[in-house]
Structure formats: structure tokens, C-alpha cells
There are 2 protein chains.
Amino acid sequence: MDSAPLHQAIARLAAEMTAHGKHRDDPAREVMGLLGDRWSTLILLVLETGEWRHADLRRTLGQLSAEQAISQRVLTLKLRTLERDGFVARTITGSVPPKVSYRLTPLGRDLHGQARALIDWINTRADNIRLARERFDATDS
Amino acid sequence: MDSAPLHQAIARLAAEMTAHGKHRDDPAREVMGLLGDRWSTLILLVLETGEWRHADLRRTLGQLSAEQAISQRVLTLKLRTLERDGFVARTITGSVPPKVSYRLTPLGRDLHGQARALIDWINTRADNIRLARERFDATDS
DNA sequence: CTGCATCCTTTTCGATACTG
DNA sequence: CAGTATCGAAAAGGATGCAG
């Protein structure tokens with residue numbers, strides 16, 4: 001009884017999925033995972049303002065974050081991932097001491113704009129969401 | 001030398017941040033984290049097609065995923081989170097055996113549409129991203 | 001200054017068994 | 001069938017020390 005519309009829905013979804021993703025190295029899944037982590041969107045926000053060196057970027061992220069600062073290790077990891085996907089460009093100009101600058105690529109600026117649209121949508125619904133949470137937490141405790 | 005434009009950028013960013021988020025229970029960060037996890041966007045995609053029971057939803061997610069199926073435990077957790085934020089509605093109609101149905105709320109449908117836009121943007125750039133990765137992985141190996 | 005290696009903690013997820 | 005509890009594996013993140 002339930003299986004007829006159910007199978008139809010599955011078939012439709014399966015077709016839609018196999019159209020792009022579903023197979024190994026799915027950029028959509030991975031980039032969404034990146035944007036969903038603790039720091040990447042904030043990194044994009046800061047890099048949007050220009051070129052930054054590792055240490056300055058780290059300090060600024062710490063000031064912008066409500067929680068504790070990003071560790072040096074994780075900042076390097078996140079920047080590497082963003083660079084690998086083509087969202088961030090890294091340039092080395094000195095060597096002792098090293099001077100390394102990070103900036104957004106055009107693709108990175110575009111990504112930031114797209115992500116921003118979603119984040120802004122969420123922010124304008126933030127009160128809705130908070131209210132829903134209070135209702136949920138109060139209902140069956 | 002660097003600090004003048006640097007401070008200016010920081011001030012601008014700090015103002016922008018404290019305008020909404022930055023403080024505890026930031027829905028934007030949390031919802032982005034949700035969308036970035038392994039299953040939530042896929043759950044939204046399936047629920048977009050109508051009303052689903054827990055077991056059917058679980059089976060379908062397994063078929064749509066390239067990797068292994070979602071565990072029962074995690075599906076319950078994800079659905080609870082989505083319900084708590086007001087994106088998913090849960091209705092119980094039976095009790096022995098229980099019959100529980102999940103569907104999107106209007107807010108949930110809207111969220112799915114917004115997230116979809118970002119995912120589609122990424123998908124249309126998937127080849128760009130893959131190419132950037134190959135270049136990066138080849139360069140200094 | 002930047003990056004890496006190492007170690008440790010926290011979080012997330014999967015497997016299994018059990019209850020109503 | 002839906003949900004929970006418990007356990008263990010894996011991943012993400014943080015702290016520290018060291019090298020170029």
C-alpha cells in the first residue's frame with residue numbers, strides 16, 4: 001500500500017542523485033562538510049577583506065570567535081584544504097623568517113558569497129529557530 | 001606598518017560579527033554544522049518528497065548513499081535535531097507497533113531550498129574543484 | 001614566522017542488544 | 001516499528017615542542 005508511491009519517490013531520488021554525486025570524491029558533500037566545520041566560514045569571512053599572514057589571521061579569528069582561538073595546527077589544516085580545493089591562494093615571499101600570505105581566489109570569493117546567502121537566511125530565522133528549540137525542550141523535557 | 005589597515009579590517013569584521021552571532025547558541029553556526037554532517041542534507045532531500053516512517057526513511061537513505069547505511073541511532077539523533085530546530089515535524093499515530101511519521105515543516109522546506117542552492121553551486125563547480133585538487137596533489141606531492 | 005610531529009581530549013558515528 | 005543504552009572505532013580539534 002505504501003510501497004507504490006514509495007518506490008516512485010525512491011526512483012526519482014535515485015535518478016537525481018546519480019546525476020551528479022553519489023560516487024566517490026563528491027565535492028558537494030566535502031565542501032558542505034568544510035563549511036559546516038568550526039572555522040572555515042569564518043576564515044572565508046576574514047580573507048574576504050584582503051591578504052593575511054598566518055599569525056595575523058590566527059589572532060583575528062580568535063577575536064572574532066565567541067569560543068577559544070583556533071589552534072595553529074588546525075588553521076594550517078583548514079587553509080590547506082581550502083587551498084587544495086582552489087578557494088584560497090598561498091604565496092611565500094620570505095624564507096627566514098618565512099612570510100606566507102593567504103588570500104581568496106575568485107572561486108573562493110564566489111563560494112563565500114554563496115555560503116553567505118545561506119548563513120544570512122539562517123540568521124534572519126534565528127529567532128524562529130530559538131523559539132522552536134525552547135518549545136521542543138519544554139514539551140517533553 | 002601592517003597594523004593600520006589590519007586594525008581597520010578587524011574593527012569592520014568585529015562589528016559585523018557582533019551584529020548577530022558571536023555569542024552562545026549561534027543558530028547559524030549550528031545549522032551550518034548540521035548541513036555539513038554526513039546525513040542531514042540527504043534526509044532533507046528525501047523528506048522533501050513527503051511523509052516517511054523511520055524504517056522506510058532509513059532504508060532509502062542507505063540506497064541513496066554511496067557509503068554504508070545510516071545507523072538507526074544516528075538517524076534518530078539527526079531527526080531529533082532537525083525537529084528541535086523546527087525543520088521537521090514528527091507525528092505518532094500508533095503505539096503497538098508504533099507508527100511515527102516525519103515530514104518537513106514549511107521552514108524545513110525553505111531551508112532545504114536554500115541549502116540546495118549552495119549545493120547546486122558547488123556541483124556546477126565540481127570539475128573546477130577536482131582539477132584544483134589534482135593540481136595541488138601533483139605539485140609538491 | 002610558519003609548518004610539522006606527537007600526544008591527548010572531545011565529538012561523532014556505527015554495531016549490538018534490549019524495551020514498549 | 002521506534003527508541004534507548006552501551007560499547008568501541010574513527011574523526012576533529014587543541015596543546016606542546018621542534019625545525020627551517
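The side chain of Trp39(A) contributes an N or O atom lying less than 4.0 Å from OP1 or OP2 of dG14(D). Within the structure, a side-chain polar atom (N or O) of Arg90(B) is placed less than 4.0 Å from OP1 or OP2 of dG3(D). An OP1 or OP2 oxygen of dC1(D) is reached within less than 4.0 angstrom by no side-chain nitrogen or oxygen of Tyr102(B).
Annotation: of the two residues near DNA chain D, Pro97(B) and Pro98(A), the 5′-most nearest-nucleotide partner is Pro97(B).
Atom pair Leu35(A):CG and dA12(D):P shows a separation of 15 Å (rounding to whole Å applied). Computed from coordinates, the Lys99(B) NZ to dC1(D) C1' distance equals 11 Å when rounded to whole Å.
No side-chain heavy atom of Asp110(A) sits less than 4.5 Å from a side-chain heavy atom of Phe87(A). For the pair Arg84(A) and Thr81(A), the minimum side-chain heavy-atom distance is 4.5 Å or more.
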Checking side chain to side chain contact (heavy atoms under 4.5 Å, CB included) for the pair Ile43(A)/Leu75(A): CA distance, chi angles, key distance, verdict? CA-CA 9 Å; Ile43(A) 293 174; Leu75(A) 178 54; 3.8 Å; yes

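Atom OG1 of Thr76(A) and atom CZ of Arg58(A) lie 9.0 Å apart (nearest 0.5 Å).
For DNA chain C, the contact window with chain B, defined by any atom under 4.0 Å from a protein heavy atom, covers dC13(C) to dG20(C) in 5' to 3' order.
Leu35(B) and Arg29(A) get closest at one heavy-atom pair: O-NH2, 3.8 Å.
Residues from residues 71-84 of chain B placing a heavy atom under 4.0 Å of any atom in DNA chain D, listed by number, are Gln72(B), Arg73(B), Thr76(B), Arg80(B).
Salt-bridge check for Arg130(B) with Asp127(B): passed, with a basic side-chain N closer than 4.0 Å to an acidic carboxylate O.
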